[in-house]
Asker: 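Following this message is one structure expressed as structure tokens.
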Amino acid sequence: MGWLERTYNKIKRGKKTIDIPDGLWTRCTGCGQTVYNKNLKENLKVCPECGYHFYLGAEERIEITLDKDSFVEYDSKVNSGDPLSFPGYKEKLIKGEEKTGLDEAAVIGEGEIGGKPIVIGVTDFGFMGGSMGSVVGERITITTEKAIDKRRPLLIISGSGGGARMQEGVISLMQMAKTSAAIAELKKQGLLYISLLTNPTMGGVMASFASRGDIIIAEPGALLGFAGPRVIKQTIKQQTPEGFQRSEFLLEHGIIDMVVERGKIRSTLIKILDFALS
Amino acid sequence: MVQRVTYSLDFEKPMLELEHKIEELKGLANKEGLDFNEEISRLQSRLKKLEEETLAHLTPWQKVQLARHPNRPKSLTLVHLIFDDFLPLHGDRLYSEDQAIIGGLARIEEERVVFIGHQKGESIKDNLSRNFGMAHPEGYRKAHRLMNLAEKLHRPILTFIDTPGAYPGIEAEERGQAEAIAANLERMSQLQVPILVIIIGEGGSGGALGIGVGDRILMLENAVYSVITPEGCAAILWKNQEKVEEAAKALRLTSQDLFNLGLIDEIIPEPRGGAHKDPEQTALNIKERIIKHLEELKKISPTEVVEKRYKKYRGIGKFKRG
């Protein structure tokens with residue numbers, strides 16, 4: 001309950017989401033149609049007209065994924081410093097806080113899905129692009145280790161278009177190795193790891209824990225990949241093909257198991273957990 | 001051997017000009033039987049002073065340029081200078097042979113190691129077949145295969161890092177570039193043999209880390225290691241390529257920076273002016289360290305080596321405790 005109270009406090013403080021501005025109506029990024037905000041919210045922020053999946057913050061994501069009131073947040077006891085005194089980093093951290101109401105780009109904890117106990121980590125694109133610096137790396141590692149301790153399946157939901165966080169230099173890069181080591185240990189212990197990929201997840205996050213689930217699910221139309229589309233265009237000096245690096249493209253190339261629309265993710269997870277847990 | 005074009009960086013030019021002048025005078029003195037000793041020693045002391053001034057104050061951006069110097073000794077050059085024997089192995093058994101990453105069985109004095117390294121090209125033609133040292137997924141998967149082989153044979157792994165990054169292209173994405181790298185990170189964290197990593201030139205982000213998780217991380221003095229290129233950083237942060245020098249500084253990518261941050265274990269000195277000035281000496285310096293570190297790592301048991309490695313990476317991160 002503590003966590004839910006906190007969430008509501010934050011909403012009262014004027015929490016803003018990214019794609020959905022305040023007001024009654026939203027113009028859909030996917031089809032350009034004007035959608036009534038109330039309908040959008042009831043539809044889990046998926047456009048009722050075209051199925052475009054809008055951004056969801058970590059807390060909203062947890063709310064629609066886990067059983068009601070089952071989430072207990074882990075206190076990682078760490079916050080971001082500015083280890084390299086990197087230009088503009090402190091300001092970006094504050095901006096991320098204001099935008100999401102979170103203290104960093106990852107929320108971790110445990111809860112239940114369909115009555116099945118799991119351990120969860122969620123990265124939030126709204127906070128510096130969901131990029132991984134020391135704190136995100138530490139939190140993903142803590143939550144993975146908790147799953148090992150409690151012998152529970154691990155679910156990580158990534159929304160990390162920012163990849164490894166540039167502002168912490170090689171320290172961020174090393175978080176890829178750190179989180180991967182924890183994931184490898186979890187797998188060695190015979191525990192299930194489900195990775196859910198959301199729009200967008202790229203770079204260092206994709207090249208570490210996100211792309212290595214035992215089962216990998218992606219929301220429709222999410223941008224997922226290693227190199228950013230702009231970098232690729234610059235390198236190959238030509239346009240990338242239609243649908244390149246989208247969920248459906250990854251499915252076609254054998255990189256993920258399934259593309260599941262937001263409304264069916266919970267029931268899909270329940271099926272998997274039912275299969276995995278006795 | 002391909003005739004290599006000598007290439008000079010802007011800050012090297014004044015020194016190179018003086019070097020040429022000295023050579024010219026020496027030649028002239030020999031040919032004409034004239035005495036230019038005074039002039040030569042005057043130029044030599046000027047050169048020495050200029051070298052001291054320039055080399056002692058290399059900016060991070062100048063180090064990036066040195067790390068990318070076309071004449072800098074690359075993996076294969078060093079392999080031939082360092083190893084007593086090297087048997088290259090090829091292919092990922094899944095798709096293809098990626099020449100941007102080389103590997104094989106190597107002997108260095110009494111030690112036998114499995115070697116894996118990025119390989120940049122020595123010429124335009126060579127660079128085209130090696131994709132400028134930017135590997136595709138098959139390169140990382142070949143590396144993965146060789147790591148498994150090392151563990152099976154109970155031999156340590158030695159890797160040389162020298163890449164602008166993993167290749168950002170359509171086919172690389174289609175074949176799972178991110179997954180290939182991530183799979184290596186997991187595998188390297190569990191390998192029950194010692195892993196010694198040496199950054200010899202350019203450590204380009206995830207593409208470097210894909211063969212760069214190890215028990216000891218060493219770096220050549222003028223090598224760089226970064227989460228993003230200074231060019232990429234400048235484009236994102238300032239939308240301006242002229243800020244590339246500032247970006248190089250902000251990223252803390254030099255060997256000294258990374259040593260101070262506790263992210264690498266040792267800096268290997270380079271000959272005066274950089275590794276390209278004397279590849280033989282560079283190789284000797286590296287060889288000495290390889291032998292020393294392998295000697296130490298060999299004493300650790302297979303299970304302990306994995307535990308220690310886990311703890312080491314587990315501890316990386318700088319936070320405010322809240």
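Proteins get letters first, then strands, A, B, ... in listed order; numbering begins at 1 in each.
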Asker: Do B/R175 and B/Y95 have side chains that approach each other closer than 4.5 Å (heavy atoms only, starting at C-beta)?
Answerer: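 In contact.
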Asker: I'd like to know which of B/K249, B/E179, B/R187, B/E246 tops the heavy-atom pair count under 4.5 Å against chain A.
Answerer: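 Most pairs with chain A among the choices: B/E179.
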Asker: Heavy-atom pairs under 4.5 Å with chain A are the metric here; pick the option from B/E186, B/K312, B/Q177 that has the most.
Answerer: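 Most heavy-atom pairs under 4.5 Å with chain A: B/E186.
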Asker: Given a strict heavy-atom distance threshold of 4.5 Å, which part of B/I228 is in contact with chain A: side chain, backbone, both, or neither?
Answerer: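 Side chain of B/I228 only, per the 4.5 Å heavy-atom cut-off to chain A.
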Asker: Side chain, backbone, both or neither: which part of A/I255 has a non-hydrogen atom closer than 4.5 Å to chain B?
Answerer: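 The answer is the side chain of A/I255.
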Asker: As an exercise: rank A/A164, A/S80, A/G163 by heavy-atom pairs under 4.5 Å with chain B and give me the winner.
Answerer: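 That would be A/S80.
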Asker: So for B/S226, is it side chain, backbone, both, or neither that comes closer than 4.5 Å to the heavy atoms of chain A?
Answerer: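 It is the backbone, since no side chain atom gets that close.
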Asker: Name the region of A/F249, side chain, backbone, both or neither, that has any atom closer than 4.5 Å to a heavy atom of chain B.
Answerer: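 The side chain, not the backbone.
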Asker: Take B/Q192 and B/E151 through the test side-chain hydrogen bond (donor to acceptor under 3.5 Å, both in side chains) and record every step on the way to the result.
Answerer: CA-CA 6 Å; B/Q192 297 203 358; B/E151 189 179 62; 5.3 Å; no
Asker: Between B/Y225 and chain A, with a heavy-atom cut-off of 4.5 Å, which part of the residue counts as in contact: side chain, backbone, both or neither?
Answerer: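 Both the backbone and the side chain of B/Y225 come within 4.5 Å of chain A.
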Asker: What part of B/L258 is in contact with chain A, defined as an atom under 4.5 angstrom from a non-hydrogen atom: side chain, backbone, both or neither?
Answerer: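 For B/L258, the side chain is the part near chain A, not the backbone.
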Asker: Where is the tightest heavy-atom contact between B/A247 and B/C233, given as atom of each residue plus distance?
Answerer: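 That would be CB-SG, 3.8 Å.
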Asker: Can you check whether B/L218's main-chain N or O pairs, donor with acceptor, with B/D265's side chain at less than 3.5 Å?
Answerer: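 Between the backbone of B/L218 and the side chain of B/D265 there is no qualifying donor-acceptor contact (under 3.5 Å).
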Asker: Between chain A and each of B/I181, B/L253, B/V306, count heavy-atom pairs under 4.5 Å; write down the option with the most.
Answerer: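 Counting heavy-atom pairs under 4.5 Å, the top option is B/I181.
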Asker: So which of B/R314, B/Q190, B/R252, B/M188 has the largest heavy-atom pair count under 4.5 angstrom toward chain A?
Answerer: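 So the answer, after comparing B/R314, B/Q190, B/R252, B/M188, is B/R314.
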Asker: What part of A/A210 gets within 4.5 angstrom of chain B, counting heavy atoms only: side chain, backbone, both, or neither?
Answerer: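 No part of A/A210 comes within 4.5 Å of chain B.
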Asker: Kindly write out the residues that satisfy side chain to side chain donor-acceptor pair (under 3.5 Å) with B/D98, not counting sequence neighbours, or none if the list is empty.
Answerer: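 Here no residue qualifies.
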Asker: Below 4.5 Å, heavy atoms only, C-beta onward: do A/L154 and A/T143 meet side chain to side chain?
Answerer: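 They are in contact (side-chain heavy atoms under 4.5 Å apart), so the answer is yes.
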Asker: Does a salt bridge link A/K150 with A/E110, judged by any charged N lying under 4.0 Å from a carboxylate O?
Answerer: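 Salt bridge flag = yes for A/E110 with A/K150.
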Asker: Could you check which of B/A235, B/A183, B/G176 has the highest count of heavy-atom pairs closer than 4.5 Å to chain A?
Answerer: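 Ranked by heavy-atom pairs under 4.5 Å with chain A, first place is B/A183.
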Asker: As an exercise: rank A/G204, A/S134, A/G169, A/G254 by heavy-atom pairs under 4.5 Å with chain B and give me the winner.
Answerer: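 The answer is A/S134.
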Asker: Side chain from CB out, backbone as N, CA, C, O: work out which of these in B/A166 comes under 4.5 Å of a heavy atom of chain A, or both, or neither.
Answerer: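 Interface part for B/A166: both.
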Asker: Determine whether B/S96 and B/E138 satisfy the following criterion, side-chain hydrogen bond (donor to acceptor under 3.5 Å, both in side chains), listing intermediate values before the conclusion.
Answerer: CA-CA 6 Å; B/S96 169; B/E138 44 273 24; 4.6 Å; no
Asker: Please enumerate all residues that pass salt bridge (Lys or Arg N to Asp or Glu O under 4.0 Å) together with B/E174, with sequence neighbours excluded.
Answerer: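 Listed in chain order: nothing, the list is empty.
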Asker: Need one label for A/S208: side chain, backbone, both or neither, based on atoms under 4.5 Å from any heavy atom in chain B.
Answerer: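 Contact with chain B: backbone and side chain both.
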Asker: Under a 4.5 Å cut-off applied to non-hydrogen side-chain atoms, are B/Q99 and B/Q119 in contact?
Answerer: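 No; the side chains remain at least 4.5 Å from each other.
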Asker: With a 4.5 angstrom heavy-atom cut-off, could you sort out which part of A/E252 is near chain B: side chain, backbone, both or neither?
Answerer: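 Interface part for A/E252: neither.
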Asker: Do side-chain atoms of A/R139 reach the backbone of A/G121 as a donor and acceptor pair under 3.5 angstrom?
Answerer: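 Flag not set: sc A/R139 to bb A/G121 has no pair under 3.5 Å.
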Asker: Name the region of B/L251, side chain, backbone, both or neither, that has any atom closer than 4.5 Å to a heavy atom of chain A.
Answerer: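 For B/L251, backbone and side chain are both near chain A.
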Asker: Please flag which part of A/K187 lies under 4.5 Å from any non-hydrogen atom of chain B: side chain, backbone, both or neither.
Answerer: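 The side chain, not the backbone.
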Asker: If you tally heavy-atom pairs under 4.5 Å against chain A, which of B/I236, B/D257, B/L237, B/N184 wins?
Answerer: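 Option with the top pair count is B/L237.
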Asker: Could you check if a side-chain atom of B/I200 sits within less than 4.5 angstrom of a side-chain atom of B/I161, using non-hydrogen atoms only?
Answerer: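 No, side chains not in contact.
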Asker: Measure from NZ or CZ of A/K99 to the centre of the six-membered ring of A/F127 and say whether it is under 6.0 Å with the direction within 45° of the ring axis.
Answerer: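 Judged by the rule (NZ or CZ under 6.0 Å from the ring centre, within 45° of its axis), A/K99 is not positioned above A/F127.
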Asker: Just give me the residue among A/A177, A/A207, A/A227 that pairs up with chain B most often, heavy atom to heavy atom, under 4.5 Å.
Answerer: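 Going by pairs under 4.5 Å, I would pick A/A207.
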